[in-house]
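Presented below is the structure to which this report refers.
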Number of protein chains: 2
Amino acid sequence: MLTEKFDPENLALMSMTIGVHALVRRTHEERVLAALRAHGALSRGDLAARVGLSRTTLSEITAQLLQRGAIVVADTDASTRAGSGRPAERLALDPGSGQYLGVDFGHRRVNIVVADASHEVIAQGVARYADGTAWPDRINQAFDRIDRLSEETGVHFGALQAVGIGVPGPYTAEHSARPAVNWKGRIAPEGVEAAFAARFAAPVMVDNNTRLAALAEAIARPDAVDNLLYLRLADGVGGGLVVSGRLATGSRGFAGELGHVTADPTGTTCRCGKRGCLETIASAPAIMRACREAGVQIESLDDLEAAVAKGDPHIDAVLRDVGSTIGRVLGAAAMVLNPREVVIAGEIVHVAPALVEAAAAALRFELYSIPSDQPQIVRAAQLRDDGGALGAIAAIFHQSPLLAGYPDAESAEPAPQHRRSAR
Amino acid sequence: MLTEKFDPENLALMSMTIGVHALVRRTHEERVLAALRAHGALSRGDLAARVGLSRTTLSEITAQLLQRGAIVVADTDASTRAGSGRPAERLALDPGSGQYLGVDFGHRRVNIVVADASHEVIAQGVARYADGTAWPDRINQAFDRIDRLSEETGVHFGALQAVGIGVPGPYTAEHSARPAVNWKGRIAPEGVEAAFAARFAAPVMVDNNTRLAALAEAIARPDAVDNLLYLRLADGVGGGLVVSGRLATGSRGFAGELGHVTADPTGTTCRCGKRGCLETIASAPAIMRACREAGVQIESLDDLEAAVAKGDPHIDAVLRDVGSTIGRVLGAAAMVLNPREVVIAGEIVHVAPALVEAAAAALRFELYSIPSDQPQIVRAAQLRDDGGALGAIAAIFHQSPLLAGYPDAESAEPAPQHRRSAR
């Protein structure tokens, strides 16, 4: 039942044998299962509200699904509950009824996360490779790591529902059907989608990994963030947007390219060919270079962490300068997008809190004229390295082709690129 | 049939009387009608693809709907058809089966547009009032104009499906339920939603009018633009975003506030309290002031038009300067959003083409590193004054509560604010 696609075209045939009442019940069941598939564990109250059924009808439906083992009682909402009263049970899909694989290819490592149908992460692993490793080798290393992960943890892929994959660089579904984008020398992930589809015989969705990390941040907390602006500072500077609860791709897959917004028109030349892009100022190597220019010998994040711990005022000044520039660029973007939260990610953020503070101050000033009940909208990322892989799983939960047969594909006007990519 | 909401909760009761086959057919019919409601006229081929039915099933369904008069043959695709072969008929909802009212309240006028169920505009009108007119008066003037429009054109509201309303200033659905936002002295449209709901006994949707004008631009052409950045230069400077085919509101209704992005940190003080906001440079009054500072006496758009026609080099320099600044601000936003098109609207744009040219050049430079097969992404708006009213109608077509009963409300993750506002 769970993996079977609801297809109104087949209703005529089905209904002959199962009868009208079963058909009605099936419609209700599908809606309940779809809600749990998209959102993970929910209380009966939340579920009733989300699927638009009365509490009474919903209770009948969930009782039948529980009896058949299609869903289970996952836990109670005691830990997140604000008021008093008896904690409500939260229902979830039977964890064994499906697995979801998230894979995040970085420049130097691949992160792998496996979740079950109740949205619980059941296995995680990493494989490292040299920068510049060719894609066929990266893919094979990922396959090997997934095999070992399966052996180590006993997780099997007997009911693998879908694979979500994050890759560096711009990516839209239309590019998977034609020569991959090779943006200013970035390695393009040719064939990654086809390779995973062939290996796992499951639908594969590919997207930019920073964008997927943005999605993971947006849903990492109990109250998911509908509008989020995400910046990642690493060897390069990238970003991602969640707009109205959806990951934005832009018209050509470049949405979120905060690294190449001009921050200083008279600045140094960027690898993209312009001058003074944010990346020339705020990438981890650029920050470390600025520290050296300020007279402190910083060659690694460990050096930087030590200098910050020591309270070196030269380092503090550099970090605050960079943070202010970041805040101005984020501020202009936030003025346009009105996000609920702005997240700055990357290992360097956790080493250099002054950078986040200065960015928050600059952004607060830029947004001075926008009334807000959120005093602090800039925060460092909660998730670290596995954000992209978790985001890839989130993307397949939310955009599973299992949902594509519903009339929503028509009436809800989904983003065409994304919808197409979830096949 | 058309105005009746499809409610799976009622299926059990309905199915007892109408039987299984009728139930299946009804499901198919609802999907076809929903597609025509959202998209206007479509060929059978487009319709089959959109609703996911086979051509054979689709033909049976449309034949029945045509026979009952629920839909009509609107026209053929001869005018837009690229290939040879027989033109395909395009089907649409029976035009008489519903009316949709779009109302755009500006600072000095209200624009009114009425469309029928086949998406054709069947009546249009304007009423003017003094700047600063109180909302109850504006609303009554709109009611009077709508009544006269009905008399003049014979358009009746016997089957009014919904009312879409554009208002100046930020607006989200949540604000309609609490004290309206009063942003830095802008007049808040208290009660406009309630007044129209009471007067017309139809669902009312309210949103910011610049945002609705952005939506109208996005869908004004045969191939609707999924990602669009929209800037309007008037007494103030506002904007709107279409992201992944949807109008973005942001977390608090402020998405698109391009007018208050800092364009010059050392610039003049803005009414919002910051310095050098784009509005202090690119609003129509600011541009005319800059012309006067350049020694040319410009007091109105007519003066400006005359100076441009004369080829005054001082004026040209001012317009190009302002255009470059606009292009830089739009460029930063476009780097983040990767829109397919950037539209600059406002009467002044049509008077001062040099401004759009300079903005396009600055934006092209900022986006230098993004590969694009669209050589020119900046253009002046196609629609003029009635954009907001047309956008309000587009918004109700796409977000009609008639569609809200479908499972898509769950699985497609619509923007919560918007979904809630279409009630």
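By convention in this document, chain letters (A, B, ...) are assigned in the order of the sequence lines, proteins followed by strands, and residues within each chain are numbered from 1.
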Are any non-hydrogen side-chain atoms of B:H260 and A:L367 less than 4.5 angstrom apart? no
With chain A as the partner, which of B:G331, B:C277, B:G256 has the greatest number of non-hydrogen pairs under 4.5 Å? B:G256
Closest heavy-atom contact between [X] and [Y]?
{"X": "B:G250", "Y": "A:N227", "value": "C-ND2, 3.5 Å"}
{"X": "A:L247", "Y": "B:S244", "value": "O-OG, 4.3 Å"}
{"X": "A:V261", "Y": "B:E366", "value": "CA-OE2, 3.4 Å"}
{"X": "B:N338", "Y": "A:T249", "value": "OD1-O, 4.0 Å"}

Once side chain to side chain contact (heavy atoms under 4.5 Å, CB included) is applied, do any residues pair with A:T266, and if so which ones, sequence neighbours excluded? A:D264
Residues in side chain to side chain contact (heavy atoms under 4.5 Å, CB included) contact with B:A333, at least two apart in sequence or another chain: A:V336, B:L229, B:L258
Please state whether the side chain, the backbone, both or neither of A:L241 comes within less than 4.5 Å of a heavy atom of chain B. side chain
Look only at the side chain of A:K274 and the backbone of B:F365, and say whether a donor-acceptor pair between them is shorter than 3.5 Å.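 Looks like no, no N/O pair under 3.5 Å.
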